[in-house]
Amino acid sequence: MAIITTVDDPADPRLDDYRDLTTADRRPDRPGGRGLVIAEGVVVVRRLLESPYPVRSLLGVPRRIEELSADLAPLDVPAYAASADTMATTVGFHLNRGVLAVADRAAPVDAASLARTARVLAVCEGVNDHENLGSLFRNAAALGVDGILLGPRCADPLYRRSVRVSMGHVLRVPFAHLDEPWPDSLDLLRESGLTVAALTPSGTPLPAGLAGARVALLLGAEGPGLTDAALAAADVRVGIPMAPGVDSLNVATAAAVAFHAVAASVL
């Protein structure tokens, strides 16, 4: 059973996981980073508690901790109740959502295993904006995508902003990193029976015969899109028909349209 403790001192060492989150929640290989997984808000904290990520503790104002009491009842994790001012001083900014939870990272998913079992995957190249990546995970969860593979230059999906924007679905949708060399590593997907479909404005209009097929949708960064090498490595090129004068969509929005075109039949 979770133990709820009131903490009044922002310098209390029990709150060290929450200190100065603008730097402390970065990947371990980044300056100041510890690689912790941080959930904000009652909804996202609940999803963290239900996930395979080992929860270390919670910190929240008393009202939010009380909202989570039923979720915490079967768990052996500390929960710290603090005032909004104490939280703000500890975290380094004012937290509107009133509760945080911190977890360690789970064991990484194997890309080959994910490819063998998936019907629809998203594969990202250079998607380096945390909010776009978080939105993409939320769309994948909503539209029946089985997992996400991360190619080179992608943002960290477990960064606090990505977790928040995904509404915690980054903690539920399996993801893995594709090994270098890129894009040769896309061969792993073909070997697993997936068709690699590159999403590009000049592609054949979706669903382009892919509805119901096993597909890996290849998505590029906002602005530059996919590299020439990634486009050349794809089996087919597909696109979204748009009105004249509009040549592209936000990458998460484009992904949602493509996911619906090829994956929504499983819902």
Side-chain angles (χ1 to χ4, degrees), residues 26-30 33 35 105-140 145-159 161-163 166 170 173-204 206 208 210 213-240 248-259 262-263:
R26 296 182 186 278
R27 291 188 330 211
D29 59 338
R30 298 294 178 87
R105 297 192 177 215
V109 175
D110 178 64
S113 298
L114 189 54
R116 281 195 298 269
T117 58
R119 197 181 69 80
V120 177
L121 289 177
V123 185
C124 299
E125 181 194 45
V127 180
N128 56 11
D129 181 275
H130 291 101
E131 294 188 3
N132 281 339
L133 195 59
S135 295
L136 198 149
F137 269 86
R138 186 177 183 180
N139 294 339
V145 173
D146 299 303
I148 294 178
L149 297 177
L150 302 171
R153 303 181 307 283
C154 284
D156 180 7
L158 295 178
Y159 182 65
R161 190 179 304 155
S162 292
V163 175
S166 79
V170 70
V173 176
F175 69 89
H177 292 268
L178 275 177
D179 295 332
E180 297 286 0
W182 174 267
D184 294 348
S185 52
L186 292 171
D187 289 339
L188 171 72
L189 308 180
R190 273 184 284 270
E191 292 166 4
S192 299
L194 291 156
T195 298
V196 179
L199 194 62
T200 179
S202 61
T204 302
L206 281 164
L210 297 175
R214 295 186 66 226
V215 180
L217 281 166
L218 191 55
L219 305 162
E222 183 114 5
L226 293 166
T227 61
D228 291 341
L231 288 168
D235 299 314
V236 295
R237 301 184 186 188
V238 295
I240 300 167
S248 65
L249 296 170
N250 167 276
V251 63
T253 302
V257 175
F259 294 163
V262 301

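Basis for what follows: all heavy atoms, side chains included, without hydrogens, waters or symmetry-related copies. We count residues from 1, following the sequence as given.
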Exercise for the section: Please step through side-chain contact (heavy atoms from CB on, under 4.5 Å) for the pair L133 and L150, ending with a clear verdict. Expected result: CA-CA 10 Å; L133 195 59; L150 302 171; 4.3 Å; yes
Practice task
Sequence neighbours left out, what passes salt bridge (Lys or Arg N to Asp or Glu O under 4.0 Å) with R190? Give chain and number order.
Solution key: D187, D235
Are [X] and [Y] close enough that some pair of their side-chain heavy atoms sits under 4.5 Å apart?
X	Y	answer
V145	V173	no
R153	T227	yes
P174	L114	yes

[X] versus [Y], closest heavy-atom pair with distance:
X	Y	result
V238	A197	CG2-CB, 4.2 Å
G126	C154	N-SG, 3.7 Å
L136	C124	CD1-SG, 4.1 Å
V120	A263	CG2-CB, 3.8 Å
L199	G239	CD1-CA, 4.2 Å
A230	L218	O-CD2, 3.7 Å

Problem - Parallel, tilted or perpendicular: rings of Y159 and H130 (30°, 60°) - result: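 It falls in the tilted class, 30° to 60°.
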Practice task
Answer with yes or no whether the side chains of S113 and R116 bring together a donor and an acceptor at under 3.5 Å.
Solution key: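 Checked: R116/S113 side chains pair up, N/O donor to acceptor below 3.5 Å.
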Handout entry: Verdict with supporting geometry, V123 and V196, side-chain contact (heavy atoms from CB on, under 4.5 Å)
Key = CA-CA 9 Å; V123 185; V196 179; over 6 Å; no
Is it the case that the side chain of [X] and the backbone of [Y] share a donor-acceptor pair, with hydrogens and angles ignored and the cut-off at 3.5 Å?
X	Y	result
R237	S202	no
T204	A208	no
N132	V127	no
R214	A115	yes
S162	L158	no

Could you grab the distance from atom [atom1] of [X] to atom [atom2] of [Y], nearest 0.5 Å is fine?
X	Y	atom1	atom2	value
D156	N128	CG	CG	12.5 Å
L231	L226	CG	CG	5.0 Å
L219	F259	CG	CZ	5.5 Å

Problem - Sequence neighbours excluded - side chain to side chain donor-acceptor pair (under 3.5 Å) pairs with any residue from residues 176-185 - result: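 For residues 176-185, and leaving out neighbouring residues, the side chain to side chain donor-acceptor pair (under 3.5 Å) pairs sorted by first residue read E125-W182.
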Problem - Evaluation steps, side-chain contact (heavy atoms from CB on, under 4.5 Å), between L149 and L188 - result: CA-CA 11 Å; L149 297 177; L188 171 72; 5.7 Å; no
Problem - Sequence-distant partners of D146, side-chain hydrogen bond (donor to acceptor under 3.5 Å, both in side chains), two or more places apart - result: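 Here no residue qualifies.
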Exercise for the section: Check the pair L206, V262 against side-chain contact (heavy atoms from CB on, under 4.5 Å), reporting the backbone distance first and the verdict last. Expected result: CA-CA 8 Å; L206 281 164; V262 301; 4.2 Å; yes
